[in-house]
> 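Have a look at this one.
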Amino acid sequence: MDYNFNEIEKKWQQYWKDNNTYKVDIDESKPKFYVLDMFPYPSGAGLHVGHPLGYIASDIYARYKRQRGFNVLHPMGYDAYGLPAEQYAIKTGQHPEITTNQNIKRYREQLEKIGFCYDWDREVRTCEPGYYKWTQWAFLQMFKSYYNTELDKARPIDELVAYFEKNGSEGCNAHTSANVEFTADEWNAMTNAERSQMLMNYRIAYLGNTMVNWCPKLGTVLANDEVSEGLSVRGGYPVEQKVMRQWCLRVSAYAGRLLRDLDTIEWSESIKETQKNWIGYSEGAEMLFPIVGSDEQLLIFTTRADTIFGVTFMVLAPESEYVEQVVTPEQRAAVDAYLDEVKHKTERERMIEKKVSGVFSGSYALNPVTGKEIPIYISDYVLAGYGTGAIMAVPAHDSRDYAFARHFDLPIIPLIEGADVSEESFDAKDGIMMNSSNERLQLNGLQVKDAIAKTKEYIAEAGIGKVKVNYRLRDAIFSRQRYWGEPFPIYYDEDGQPQPLDESELPLQLPEVDKFLPTETGEPPLGRAKNWVAANGRPLELNTMPGFAGSSAYYLRYMDPHNDNALVSKEADEYWRQVDLYVGGTEHATGHLIYSRFWNKFLYDYGYVCEPEPFRKLVNQGMIQGRSNFVYRIKDTNTFVSYNLKNDYDTTQIHVDINLVENDILDVEAFKAWSPEYANAEFVLENGKYICGWAIEKMSKSMYNVVNPDDIVERFGADTLRLYEMFLGPVEASKPWDPNNIGGVSRFLKRLWGLFFKGDEMQLVDEKPSAEALKSIHKLIKKVTQDIEQFSYNTSVAAFMICVNELSTMKCKAKSVYRDLVVLLSPFAPHIAEELWHVLGEQGTVCDAQWPQWNEDYLKESVVKYTVLFNGKPRFNIEVPAGTAQDEVQAQALAHEGAARWLDGKQPKKVIVVPNKIVNVVV
RNA sequence: GCGCCUGUGGCGAAAUUGGUAGACGCGCUAGACUUAGGAUCUAGUAACGCAAGUUGUGUAGGUUCGAGUCCUAUCAGGCGCACCA
């Protein structure tokens with residue numbers, strides 16, 4: 001009987017569906033385990049073979065854990081809001097919901113063919129009202145909260161209001177970005193609108209005037225992680241810096257906890273490192289520099305307090321609030337011209353130019369330690385968003401200050417012995433201080449490290465500053481000027497102030513619009529909706545939430561997906577707690593994985609969830625790249641040149657569909673039929689063939705190198721696809737899809753199948769397995785068990801191949817051996833395992849079979865061989881009967897005896913037995 | 001510039017964590033079988049050499065009886081952050 005994978009796979013997929021095999025419920029009698037994949041955005045292109053890589057790895061783990069007696073939650077869903085569906089809608093007028101649902105249907109079909117053990121009853125879609133109700137709900141909780149820096153957690157905003165009524169802002173422990181102070185009387189005298197505006201400085205979800213990344217081409221603002229090198233990550237359009245009034249999330253309040261708690265989770269070092277960089281912890285000092293002829297002082301941040309004696313000028317960011325206070329009338333024109341110039345440059349232009357620019361403000365500041373007057377400049381190399389937007393410049397020991405000083409011919413005072421600052425600055429935090437003592441502070445002779453500590457102490461004592469920790473992490477910009485996203489549960493009152501909807505009004509459903517474009521007056525698409533008002537008749541917010549809103553808490557929703565009264569019930573949360581294993585790509589390191597952690601911590605502060613971290617262990621699967629093929633067209637002709645002849649002509653490289661190419665040889669007729677453009681193409685061949693060029697690139701529709709998993713399933717079966725993807729290499733590694741290797745895995749399954757049958761008869765019998773068969777299978781049990789725990793699936797597949805070869809060679813027919821083999825194989829190749837499970841006459845499904853245990857006794861050798869080395873060189877072998885821990889002692893005695901014989905009776909100096917069957921003798 | 005990771009056959013990769021480097025698969029070579037297939041089976045396959053043997057884990061040192069593995073330096077590739085004070 002042949003291995004008919006198509007029939008088997010269809011049959012068992014149907015069986016699993018009919019019997020709800022993968023449905024899971026809370027079961028207090030079993031320990032839980034939560035295995036999660038990052039849910040996909042359902043794009044129009046469908047799945048390619050790269051997508052399932054992580055899904056297969058997690059599926060294996062989920063099935064394995066289930067067989068080890070765990071109650072495993074393994075759900076799947078869709079991140080359904082996204083730009084492509086919206087842009088398609090703008091182009092065609094088709095509602096993005098229709099496109100999205102079509103794509104979801106396709107994804108589901110593709111996923112089902114691969115045989116994952118998802119509990120589809122728990123599927124979530126971020127664009128469904130029943131789901132986004134809870135996205136909106138979480139937003140409302142954030143709107144109604146502030147961050148208490150003393151308790152280090154979120155608290156109701158009402159508590160802050162009560163505090164303001166009694167004490168004003170004095171001594172208030174609330175995280176804020178604004179430097180405002182007011183008394184209780186002032187607070188109580190404010191109008192409602194004024195109070196509402198003031199509270200925006202404290203709310204965790206707030207409407208703020210912030211510098212945003214504005215992408216004119218996309219017509220929307222973007223979060224920092226959606227921008228790379230001044231271009232939008234999606235689309236690659238230029239991004240400008242612009243002050244706009246936008247919804248933001250006070251992620252920065254959580255910077256410390258986001259950083260600290262990284263130590264409590266099992267993530268790869270590289271992704272933790274990426275998050276650490278993104279959060280950007282930096283310990284330094286804030287210092288006050290009095291402005292000459294003014295009562296105002298400049299507050300600056302520095303990590304190099306020790307260099308205070310080398311400060312020769314100050315610099316303000318162009319957007320700094322201090323600018324207005326320091327510009328003198330004489331310098332007004334020059335400053336305005338500079339500010340105007342800076343404003344019209346995009347961030348990308350600023351980065352590319354890297355030219356030193358700036359302008360003198362006209363004012364001077366007083367160095368609080370030396371008492372010297374130093375000029376205040378304005379320059380865009382100082383960023384408004386970091387620290388205080390103002391710095392003390394130490395050109396001798398900071399390369400940026402150095403460049404600025406050289407350009408404006410400002411003095412440079414070296415502070416470290418032996419540092420040569422004639423050509424460049426000396427930035428290292430290393431060396432002995434000099435030029436750094438006066439009657440107030442003496443740093444000369446100290447190491448830099450000690451000088452920093454001493455200066456910090458001094459400035460605190462002298463009252464000119466304080467020790468301060470700064471984070472680079474900024475608040476997340478949370479509104480988008482788009483249609484296809486969650487509406488905000490916010491209306492605007494008579495004063496134009498945003499107010500929360502009542503929770504009973506949730507979900508606030510996305511309204512219908514006639515077009516998916518901004519309005520003629522430049523408002524977001526929701527401005528087109530008719531009757532877009534709250535229950536009280538007031539107008540609703542027109543922005544929608546960004547992509548990461550819906551994906552920030554989806555792992556919680558899977559725990560209790562149909563609950564209409566809570567995001568997740570207490571019972572479900574306390575049972576499932578957190579994701580034990582999360583599998584997904586590294587591209588979300590600074591986006592989703594930060595936002596989710598933030599969101600979870602916020603919910604944790606109120607006790608809505610019981611774990612401070614959402615994802616205990618994270619595995620990042622690599623990308624599967626495509627292998628693209630190229631043809632070479634001679635410029636301005638319709639003639640194509642074979643790869644090795646292309647250098648004789650002036651050619652253009654063109655991607656060609658890999659389905660038209662076999663072993664880099666182009667099927668020229670198929671190529672002509674591919675597109676009307678090529679119907680009359682002519683070819684310059686080599687040896688009668690057209691050879692294509694190739695490259696390893698990202699798998700993408702536009703490069704015509706996409707391999708569809710459906711085709712592989714059709715030709716080789718889902719089990720082969722699963723085994724093959726695991727066999728390619730470590731899950732974490734990126735690797736190109738190489739269709740050649742698949743034959744080996746396919747052959748392995750056929751060979752395994754062949755062991756069960758003689759002709760059409762099942763040939764296995766109930767007999768006692770031989771010692772060597774037991775050894776072979778127990779070796780496999782041990783290997784596979786350990787490999788799965790370590791995600792080393794590629795070596796597991798190799799071990800299966802070895803075992804099957806051994807069983808085949810020894811003609812093993814004992815059912816009990818194959819029963820264990822089938823159970824071991826079932827996480828990797830569930831369909832064939834299920835079929836063979838029933839061929840063996842077993843009941844139930846193999847998913848519920850208990851995972852076998854290995855017995856070390858079967859693995860022991862009867863005789864242990866030792867190689868005796870003299871000073872590392874092999875001399876002779878000895879054999880010791882195996883059995884107990886005694887064999888090492890025996891080996892030592894035997895080796896000693898043997899060595900003495902070899903050395904003509906001379907005793908060896910030392911005999912070392914190492915546990916891997918080698919005895920080393922020192923002579 | 002700062003930080004992190006990775007360097008092993010023709011290729012994807014293993015190596016029980018310091019103990020016979022290259023498991024397993026692809027590819028390749030030779031052969032067998034056959035109703036000629038997108039087959040299957042057997043043997044071989046790190047390099048050099050007819051051999052015994054020698055050399056081999058990016059490079060150079062070091063520790064050790066013994067190093068792919070540990071230490072130091074260096075080179076190459078990948079990723080992240082980047083006028084972040």
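Proteins get letters first, then strands, A, B, ... in listed order; numbering begins at 1 in each. All heavy atoms count here, side chains included; hydrogens, waters and symmetry mates do not.
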> Which value, in whole Å, describes the distance between the C1' atoms of nucleotides G7(B) and G12(B)?
15 Å
> If you restrict it to nitrogen or oxygen atoms, what contacts under 3.5 Å exist between nucleotides 24-27 of chain B and the protein, and what is each distance?
from, atom 1, to, atom 2, distance (Å)
C26(B), OP1, Arg747(A), NH1, 2.4
C26(B), O4', Asn741(A), OD1, 2.8
C26(B), O2', Asn741(A), OD1, 2.9

> For the pair made of CD in Glu587(A) and P in C81(B), what is the distance, rounded to whole Å?
13 Å
> Spell out, as yes or no, whether a donor-acceptor pair under 3.5 Å connects the side chain of Ser746(A) to the backbone of Phe716(A).
no
> Check side chain to side chain contact (heavy atoms under 4.5 Å, CB included) between Ile658(A) and all other residues, then give those that pass, not counting sequence neighbours.
Asn629(A), Asn705(A), Val707(A)
> Remember a base hit wins even if backbone is also touched, and classify Arg304(A) as base, sugar-phosphate or nothing at under 4.0 Å, heavy atoms.
sugar-phosphate
> Is a side-chain donor or acceptor of Arg722(A) paired with a backbone partner of Pro827(A) at a separation under 3.5 angstrom?
yes
> Rounding to an integer number of angstrom, what distance separates U16(B) and G10(B) when you compare their P atoms?
23 Å
> Tell me the interatomic distance from Lys750(A), atom NZ, to G37(B), atom P, rounded to whole angstroms.
14 Å
> Can you tell me the distance, in whole Å, between the CD atom of Glu725(A) and the C1' atom of G12(B)?
14 Å
> Looking only at side-chain N and O atoms, does Tyr386(A) come under 4.0 Å of OP1 or OP2 in A85(B)?
yes
> Is the charged tip of Arg597(A) near the ring of Trp278(A): under 6.0 Å from the six-membered ring centre and within 45° of its axis?
no
> Looking at Ser320(A) and Tyr322(A), would you say the former's side chain and the latter's main chain have a donor-acceptor pair under 3.5 Å?
yes
> U42(B) and G77(B): how far apart are their P atoms, nearest whole angstrom?
44 Å
> Within the 4.5 Å heavy-atom criterion, are Val394(A) and Leu415(A) side-chain neighbours or not?
yes
> I need the Asn805(A) CG to Arg751(A) CZ distance, nearest 0.5 Å.
5.0 Å
> Would you kindly give the OH-to-P distance between Tyr381(A) and A85(B), to the nearest whole Å?
13 Å
> Any sub-3.5 Å donor-acceptor pair from Tyr793(A)'s side-chain atoms to Val731(A)'s backbone N or O?
no
> Atom CZ of Phe748(A) and atom P of G12(B): how far apart are they, to the nearest Å?
23 Å
> Under the side-chain hydrogen bond (donor to acceptor under 3.5 Å, both in side chains) test, which residues partner Tyr595(A), sequence neighbours left out?
Asp225(A)
> So, the side chain of Arg472(A) versus the backbone of Asn277(A): is there a donor-acceptor pair under 3.5 Å, distance only?
yes
> Mapping Gln275(A) and Ile391(A) to their closest nucleotides on RNA chain B, which lands nearer the 5' end?
Gln275(A)
> When the C1' atoms of U57(B) and C50(B) are considered, how many whole Å apart are they?
29 Å
> Which glycosidic conformation, syn or anti, is assigned to G9(B) if syn requires a torsion within 90° of zero?
syn
> Taking side-chain hydrogen bond (donor to acceptor under 3.5 Å, both in side chains) as the definition, give me every residue that meets it alongside Asn470(A), ordered by chain and number, with sequence neighbours left out.
none
> Could you tell me whether the side chain of Ile624(A) reaches within less than 4.5 Å of the side chain of Glu725(A), counting heavy atoms only?
yes
> Thr388(A) or Lys735(A): which one's nearest nucleotide on RNA chain B is closer to the 5' end?
Lys735(A)
> What interatomic distance, in whole Å, is found between C1' of C26(B) and the corresponding atom of C81(B)?
39 Å
> Can you check whether Pro730(A)'s main-chain N or O pairs, donor with acceptor, with Lys735(A)'s side chain at less than 3.5 Å?
yes
> What's the gap between C24(B) and U45(B) when it is taken at their C1' atoms, as a whole Å value?
15 Å
> Under 4.0 angstrom, heavy atoms only, what part of the nucleic acid is Pro736(A) near: base, sugar-phosphate, or nothing?
nothing
> How far, in whole Å, is A13(B) from C65(B) if one measures between their P atoms?
36 Å
> Taking the chi torsion of U17(B), is it syn (within 90° of 0) or anti (everything else)?
syn
> I'd like the C1' distance from G68(B) over to U64(B), given in whole Å.
16 Å
> Restricting both atoms to N or O, compile the protein contacts to nucleotides 2-6 of chain B shorter than 3.5 Å, with distance only.
from, atom 1, to, atom 2, distance (Å)
G3(B), O2', Glu273(A), OE2, 2.8

> From C-beta outward on Thr274(A), which listed nucleotide comes closest to its side chain: C81(B), A85(B), G80(B)?
G80(B)
> Take atom CD of Gln625(A) and atom P of C79(B), then tell me their distance rounded to the nearest Å.
10 Å
> Arg627(A) CZ to G12(B) C1': how many Å, rounded?
14 Å
> What's the CD1-C1' distance between Ile624(A) and G12(B), to the nearest Å?
12 Å
> In dot-bracket form, how is RNA chain B paired, counting a Watson-Crick or G-U wobble pair only if both its distances are under 3.5 Å and using | for bases paired to another strand?
(((((((..(((......[....)))((((((.......))))))(((....)))..(((((..]....))))))))))))....
